[in-house]
Visitor: 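Take a look at this one; I'll ask things after.
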2 protein chains.
Amino acid sequence: MTLYIQAIAIIYKIMNDGRPYSYVLERLKTARLRPTRQRLALAKLLLETDDRHVTAEQLHCEASSAGIKVSLATVYNTLHQFTKADLLREVVVESGRAYFDTNTSEHHHIFNQDTGELCDIPDETISVLVLPDAPEGTKIDRVEIIVRVKSLR
Amino acid sequence: MTLYIQAIAIIYKIMNDGRPYSYVLERLKTARLRPTRQRLALAKLLLETDDRHVTAEQLHCEASSAGIKVSLATVYNTLHQFTKADLLREVVVESGRAYFDTNTSEHHHIFNQDTGELCDIPDETISVLVLPDAPEGTKIDRVEIIVRVKSLR
DNA sequence: TGTTTAGTTTAGAACGATTCTAATTTATTG
DNA sequence: CAATAAATTAGAATCGTTCTAAACTAAACA
């Protein structure tokens with residue numbers, strides 16, 4: 001057993017408490033991203049629970065509170081690398097601030113314009129009929145629906 | 001006839017070449033915005049043609065090229081005031097850059113992620129069939145659909 | 001293993017879009 | 001025509017984000 005595998009196994013154990021977590025390692029591997037302390041810690045924060053929507057700033061704060069030493073630059077790097085590796089996806093709801101969603105499956109969002117709260121729409125509760133053709137020389141990448149709500153009163 | 005009305009009439013004539021333009025003045029009036037040189041010139045640029053999508057920077061350049069003396073700050077102010085006055089609406093398609101749409105009626109967008117090009121979807125070719133309930137304590141403000149496309153090759 | 005090499009992290013500088021500030025100018029009111 | 005209220009402006013400030021180049025760490029290899 002190489003040192004590498006040993007180390008990974010240890011980190012894996014520490015992070016996991018036995019839950020299935022290896023897919024993060026796999027994704028990182030496929031994306032040729034080394035499983036560093038920072039990446040694994042952020043992955044843990046992000047992917048422990050199913051459905052999260054964070055900004056870089058938020059995640060950085062959260063990491064700090066959790067005692068994880070990681071720079072804001074690394075948080076940005078990691079969010080983008082994870083997005084490329086399909087561990088996250090970006091959601092655009094506000095100009096001037098990027099949100100990242102831990103749910104990478106096809107789904108849509110409700111965005112509270114007063115509070116900045118962002119949440120997923122269960123796939124069964126929304127449906128659209130999209131007929132327009134993609135303009136000449138383009139192909140549809142994805143269709144995004146944002147239901148914008150306001151707080152009452 | 002007061003001086004105000006005279007002045008407006010003259011400006012109106014200059015800007016209009018006879019086309020119906022008074023609704024801009026009306027909207028400005030209702031919004032308690034004075035019909036200044038800058039506002040009227042920007043309104044002309046924006047609302048002469050039906051369907052435009054601009055960023056502040058773009059509009060500022062365009063104004064400069066057209067010989068209109070207006071600061072970037074005023075362009076920003078004007079875009080936001082016009083949006084409040086329902087002469088424009090904001091479209092969020094990229095985090096980090098705000099687009100403004102001269103078409104304020106209910107409709108959706110196609111966004112080319114490679115070129116940054118944004119265009120309207122004719123309302124007949126898309127429709128929302130099922131909508132989720134707004135979360136407790138909120139009400140739906142609007143539903144936005146963005147069809148993201150990529151350039152081929 | 002120890003060394004080399006290649007990838008990663010970091011603090012801080014730089015950046016682009018936007019907002020703010022306070023002084024000046026312009027439009028409206030009386 | 002003066003008084004006052006609103007709008008414009010240049011430039012500073014701010015915000016989120018990206019870049020840079022040096023220090024560090026992981027993986028490959030001798």
Side-chain angles (χ1 to χ4, degrees), chain A residues 1-12 25 28-43 54-61 63-64 68-85 88 90-100 116, chain B residues 1-12 25 28-43 54-61 63-64 68-85 88 90-100 116:
Chain A
M1 203 196 240
T2 72
L3 201 58
Y4 163 75
I5 303 226
Q6 265 179 36
I8 296 310
I10 290 163
I11 291 165
Y12 178 85
L25 292 173
L28 291 181
K29 201 161 197 176
T30 343
R32 291 206 172 66
L33 296 172
R34 292 179 178 173
T36 61
R37 175 178 64 74
Q38 291 88 335
R39 287 187 184 137
L40 291 171
L42 292 176
V54 295
T55 64
E57 223 55 75
Q58 273 171 24
L59 182 60
H60 184 240
C61 283
S64 298
I68 299 161
K69 249 202 85 217
V70 58
S71 72
L72 186 56
T74 297
V75 171
Y76 274 103
N77 289 340
T78 303
L79 285 171
H80 288 130
Q81 291 155 351
F82 281 14
T83 301
K84 232 180 221 163
L88 295 177
E90 198 185 333
V91 184
V92 180
V93 280
E94 278 184 311
S95 64
R97 177 189 252 69
Y99 284 78
F100 293 84
Chain B
M1 201 193 241
T2 71
L3 201 59
Y4 164 74
I5 304 227
Q6 265 178 35
I8 296 312
I10 290 163
I11 292 163
Y12 178 83
L25 292 173
L28 291 180
K29 201 162 198 177
T30 344
R32 290 206 172 65
L33 297 172
R34 293 177 178 175
T36 61
R37 174 177 66 74
Q38 291 86 338
R39 285 186 186 138
L40 292 171
L42 292 177
V54 295
T55 65
E57 213 73 59
Q58 273 170 24
L59 184 58
H60 184 240
C61 283
S64 299
I68 298 160
K69 250 201 84 216
V70 59
S71 72
L72 186 56
T74 297
V75 171
Y76 274 104
N77 289 339
T78 303
L79 285 171
H80 288 129
Q81 292 154 351
F82 281 14
T83 300
K84 235 183 218 161
L88 295 177
E90 198 185 332
V91 184
V92 180
V93 281
E94 279 183 311
S95 66
R97 178 192 253 63
Y99 284 78
F100 293 86

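Each chain gets a letter, A, B and so on, in the order its sequence line appears, and its residues count up from 1.
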Visitor: From CD of A/Glu94 over to P of C/dA17, roughly how many Å is that when rounded to an integer?
Guide: 18 Å

Visitor: I need the CD-C1' distance between B/Glu90 and C/dA17, as an integer number of Å.
Guide: 12 Å

Visitor: Within the structure, does a side-chain N or O atom of B/Ser71 lie under 4.0 Å from either OP1 or OP2 of D/dT8?
Guide: no

Visitor: Dump the pairs, protein N or O against N or O of nucleotides 2-6 of chain D, anything under 3.5 Å, distances to one decimal.
Guide:
from, atom 1, to, atom 2, distance (Å)
D/dA6, O4', B/Arg34, NH1, 3.1
D/dA6, O4', B/Arg34, NH2, 3.2

Visitor: Enumerate the protein-to-nucleotides 15-21 of chain D contacts in which both atoms are nitrogen or oxygen and the separation is below 3.5 Å.
Guide:
from, atom 1, to, atom 2, distance (Å)
D/dG16, OP1, A/Arg97, NH2, 3.1
D/dG16, O3', A/Gly96, O, 3.4
D/dT17, OP1, A/Ala98, N, 2.6
D/dT17, OP2, A/Tyr76, OH, 2.6
D/dT17, O5', A/Tyr76, OH, 3.2

Visitor: Whole Å only: how far is the CZ atom of A/Arg37 from the C1' atom of D/dA26?
Guide: 13 Å

Visitor: When the distance from CZ of A/Phe82 to P of C/dT8 is rounded to whole Å, what number comes out?
Guide: 11 Å

Visitor: Look at the side chain of A/His60 and the backbone N and O of A/Ala73, then say whether any donor-acceptor pair between them is shorter than 3.5 Å.
Guide: no

Visitor: So, does B/Thr36 get its side chain near the phosphate of D/dA7, meaning an N or O under 4.0 Å from OP1 or OP2?
Guide: no

Visitor: In whole angstrom, what separates B/Gln58's CD from C/dT18's P?
Guide: 11 Å

Visitor: Side chains of A/Ser64 and A/Lys69, heavy atoms from C-beta outward: is any pair under 4.5 Å?
Guide: no

Visitor: Which atoms form the tightest heavy-atom contact between A/Val54 and A/Gln58, and what is the distance?
Guide: CA-OE1, 3.4 Å

Visitor: Can you name the nearest heavy-atom pair linking B/Gly116 to B/Tyr99, along with the distance?
Guide: O-OH, 3.1 Å

Visitor: Less than 4.5 Å apart, any side-chain heavy atom of B/Gln81 and any of B/Arg39?
Guide: yes

Visitor: Looking at B/Gln81, does any N or O in its side chain come under 4.0 Å of the phosphate oxygens OP1/OP2 on D/dA7?
Guide: no

Visitor: Which pair of heavy atoms, one from B/Ala56 and one from B/Val75, lies closest together, and at what distance?
Guide: O-CG1, 3.6 Å

Visitor: Side chains of A/Phe100 and A/Leu59, heavy atoms from C-beta outward: is any pair under 4.5 Å?
Guide: no

Visitor: Is the side chain of B/Thr74 donor-acceptor paired with the backbone N or O of B/Val70 at a distance under 3.5 Å, no angle test?
Guide: no

Visitor: Heavy atoms only: give me the nearest B/Leu25-B/Pro35 pair and the separation to one decimal.
Guide: CD2-CB, 3.8 Å

Visitor: Roughly, in whole Å, what's the span from CG in A/Leu28 to P in D/dA26?
Guide: 14 Å

Visitor: Let me know the distance between CD of B/Gln38 and P of C/dT24, rounded to the nearest Å.
Guide: 18 Å

